2 protein chains.
Amino acid sequence: MSSEQPVKKRISESTIHRLSMYFRTLSLLQKEGYETVSSKELARREKLTPAQVRKDLSFFGSFGTRGLGYDVIELKAKIGEILGIDRVWKVAVVGIGNIGSALVSYKEFTRQGFKIVKLFDNDQRKIGSNHKGIVVSDIKNLEKEIKEDGIEMIILTVPATVAQYMVDDVVRAGVKAILNFAPINLKVPPDVYLRNENMSMELEYLSFAIRNNHTPKNMK
Amino acid sequence: MSSEQPVKKRISESTIHRLSMYFRTLSLLQKEGYETVSSKELARREKLTPAQVRKDLSFFGSFGTRGLGYDVIELKAKIGEILGIDRVWKVAVVGIGNIGSALVSYKEFTRQGFKIVKLFDNDQRKIGSNHKGIVVSDIKNLEKEIKEDGIEMIILTVPATVAQYMVDDVVRAGVKAILNFAPINLKVPPDVYLRNENMSMELEYLSFAIRNNHTPKNMK
DNA sequence: AATTTCTTGTGAAGCATTTCACATGAAAAA
DNA sequence: TTTTTCATGTGAAATGCTTCACAAGAAATT
Ligand SMILES: NC(=O)c1ccc[n+]([C@@H]2O[C@H](COP(=O)([O-])OP(=O)(O)OC[C@H]3O[C@@H](n4cnc5c(N)ncnc54)[C@H](O)[C@@H]3O)[C@@H](O)[C@H]2O)c1
Ligand SMILES: NC(=O)c1ccc[n+]([C@@H]2O[C@H](COP(=O)([O-])OP(=O)(O)OC[C@H]3O[C@@H](n4cnc5c(N)ncnc54)[C@H](O)[C@@H]3O)[C@@H](O)[C@H]2O)c1
């Protein structure tokens with residue numbers, strides 16, 4: 001049974017998000033001392049169906065043993081590979097304000113392979129200051145320092161009014177992935193990946209749910 | 001043409017998220033001075049199809065004028081009603097650490113109708129301290145103060161290790177909606193709405209995309 | 001060694017969501 | 001007033017995603 005193959009089919013956003021969930025749960029199972037886990041148990045913990053779990057994995061290969069389930073450590077490693085977190089990604093945070101500086105101290109990112117190595121701001125009072133051992137750089141040196149350090153991902157936490165300019169700058173510096181927190185639709189070239197983190201949207205979902213007595217299938 | 005009716009069909013998560021997007025874009029259009037907007041233009045700004053926009057709205061009524069489009073102010077008000085943000089929701093933040101205190105100073109929440117009115121922590125050094133004019137309360141008074149203030153939503157920003165206990169407490173206090181930032185699967189009774197904000201997941205999506213040269217349909 | 005038990009992997013079926021396509025109706029132009 | 005233009009609202013088709021159901025294969029039991 002083949003267990004490795006390049007991704008051919010188009011993988012849905014939901015599948016990728018569930019892979020992240022499986023990964024986290026597998027880490028927990030590992031800590032709890034489990035050696036194997038069935039799709040049934042994995043599904044129970046994520047409130048999914050076992051078929052869903054198996055189907056998600058089947059897009060990438062066959063990693064289980066019939067009658068037994070999946071080896072926890074092995075499956076975790078496989079999913080880590082699929083997600084691309086079997087390596088360290090160098091990340092820079094642009095905009096060291098309220099949310100930016102909170103993210104810098106978030107240890108979970110490092111644990112998942114996202115290492116924040118550079119911070120940028122344009123405020124003279126912030127440039128040179130130290131956050132968790134990292135000195136804030138002047139935004140003027142963005143392109144130079146990103147290239148020097150081989151940074152491939154940006155967390156963007158600047159005001160919405162300047163977010164597009166900053167995106168244009170980091171794209172020019174060769175960055176291929178951006179996680180944006182500003183509540184604005186940004187334009188990026190087709191070869192740059194952009195995700196938006198939008199907390200108001202989640203609060204609005206809750207508001208909608210209460211107002212409409214919504215019974216959702218998938219309150220993820 | 002009827003323009004108001006209770007929601008009968010099950011509305012998808014995607015539709016609700018898109019309504020949030022439309023709302024934000026309509027605010028922008030209003031600022032830019034537009035009086036009307038077509039589904040085509042709205043779709044262009046959100047990178048969707050015009051049919052998608054019209055279908056989303058059609059679940060809730062018919063708000064447009066054939067040949068002309070939608071009245072910007074009117075549609076914005078309608079979507080605000082649908083989302084339940086035509087009122088003020090009282091929100092409390094539980095856990096005033098890095099991310100919790102960043103959220104307290106986020107003005108966008110207030111603008112969308114989510115008013116943070118109480119902060120809770122269990123750390124003596126934080127209790128009594130002032131964040132944007134709000135004094136941090138002792139977590140011991142959670143139930144009492146939530147009931148007194150009529151708080152209906154909680155933003156939960158405590159360590160994952162204690163998150164479930166805090167959820168149990170706020171549920172006991174009668175809260176019906178929780179936005180959780182801890183990376184853990186929480187259990188809530190069926191009448192309580194829970195949403196999870198998971199930033200690692202978004203970074204992992206980016207990592208997956210780069211690794212697999214992913215060409216997604218909907219990098220939202 | 002044979003049988004039972006268990007759980008995977010996967011086509012196919014069942015649902016859900018998105019897109020198409022066009023009748024309908026309102027506004028603008030003639 | 002009549003005609004043309006434009007864009008909505010919506011069944012129906014197309015596409016996409018989830019669940020079903022079962023053959024197949026591995027381990028455990030007899
Ligand atoms: N605070 C929150 O909880 C929160 C939540 C969700 C989204 N957001 C969004 O995140 C972004 C930041 O929010 P915040 O509350 O941290 O704001 P903030 O004002 O505290 O931080 C913004 C930072 O960006 C810096 N900055 C401004 N222009 C810059 C430039 N051209 N180059 C580099 N740095 C620049 C500022 O000096 C500041 O340090 C905003 O777009 C906001 O809407 C914030
Ligand atoms: N910092 C980030 O950028 C970030 C990003 C995503 C998710 N998160 C998650 O958000 C949560 C908070 O992260 P943080 O970095 O702000 O951590 P933090 O340690 O800075 O803040 C946690 C706060 O919760 C308080 N607390 C602890 N136990 C409590 C209790 N029983 N009752 C009330 N308050 C209590 C602590 O006193 C502290 O003020 C964590 O679960 C973390 O995984 C954080």
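Throughout, a chain's letter reflects where its sequence line sits, starting with A, and its residues are numbered from 1. Everything numeric here is computed off the predicted structure, so don't read it as measured data.
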Think Ser39(A) has a side-chain N or O under 4.0 angstrom from the OP1 or OP2 of dT7(C)? no
How does each nucleotide of nucleotides 18-24 of chain D score, in 5' to 3' order, for protein heavy atoms under 4.0 Å: base (B), sugar-phosphate only (S), or none (-)? SBBB-BB
d(CG, Leu57(A); C1', dT7(C)) in whole Å: 13 Å
Looking only at non-hydrogen atoms, find the nearest pair between Gly95(A) and Val158(A) and report the distance. CA-CG1, 3.7 Å
Over all atoms of both residues, closest heavy-atom pair of Phe63(B) and Leu57(B): CE1-O, 3.7 Å
Rounding to an integer number of Å, can you tell me how far Glu46(B) CD sits from dT18(C) P? 14 Å
Rounded to the nearest angstrom, tell me the gap between atom CD in Glu74(B) and atom C1' in dT8(D). 14 Å
Value in whole Å for how far the P atom of dT4(C) lies from CG of Leu68(A): 21 Å
Please determine whether a side-chain nitrogen or oxygen atom of Tyr70(B) lies at a distance below 4.0 Å from atom OP1 or OP2 of dG9(D). yes
With Arg18(A) as the cation and Phe59(A) as the aromatic partner, state whether NZ or CZ is under 6.0 Å from the six-membered ring centre and within 45° of the axis. no
Nearest whole angstrom, please: distance from the P of dT17(C) to the CZ of Arg10(B). 9 Å
Member of Lys90(A), Lys176(A), Arg87(A) meeting the salt bridge (charged side-chain N to carboxylate O under 4.0 Å, His left out) criterion with Glu152(A): Arg87(A)
Would you mind reading off the distance between Glu41(A) atom CD and dC6(C) atom P, rounded to a whole angstrom? 16 Å
Let me know the distance between NE2 of His17(B) and P of dT17(C), rounded to the nearest Å. 14 Å
Please report, rounded to the nearest Å, how far the P atom of dA27(D) is from the CG atom of Asp71(A). 12 Å
For Asp168(A) and Gln164(A), which I'm curious about, is there any donor-acceptor pair between the side chains at under 3.5 Å? yes
Tightest non-hydrogen contact, residues Ala163(A) and Leu156(A), listed as O-CD2, 3.9 Å
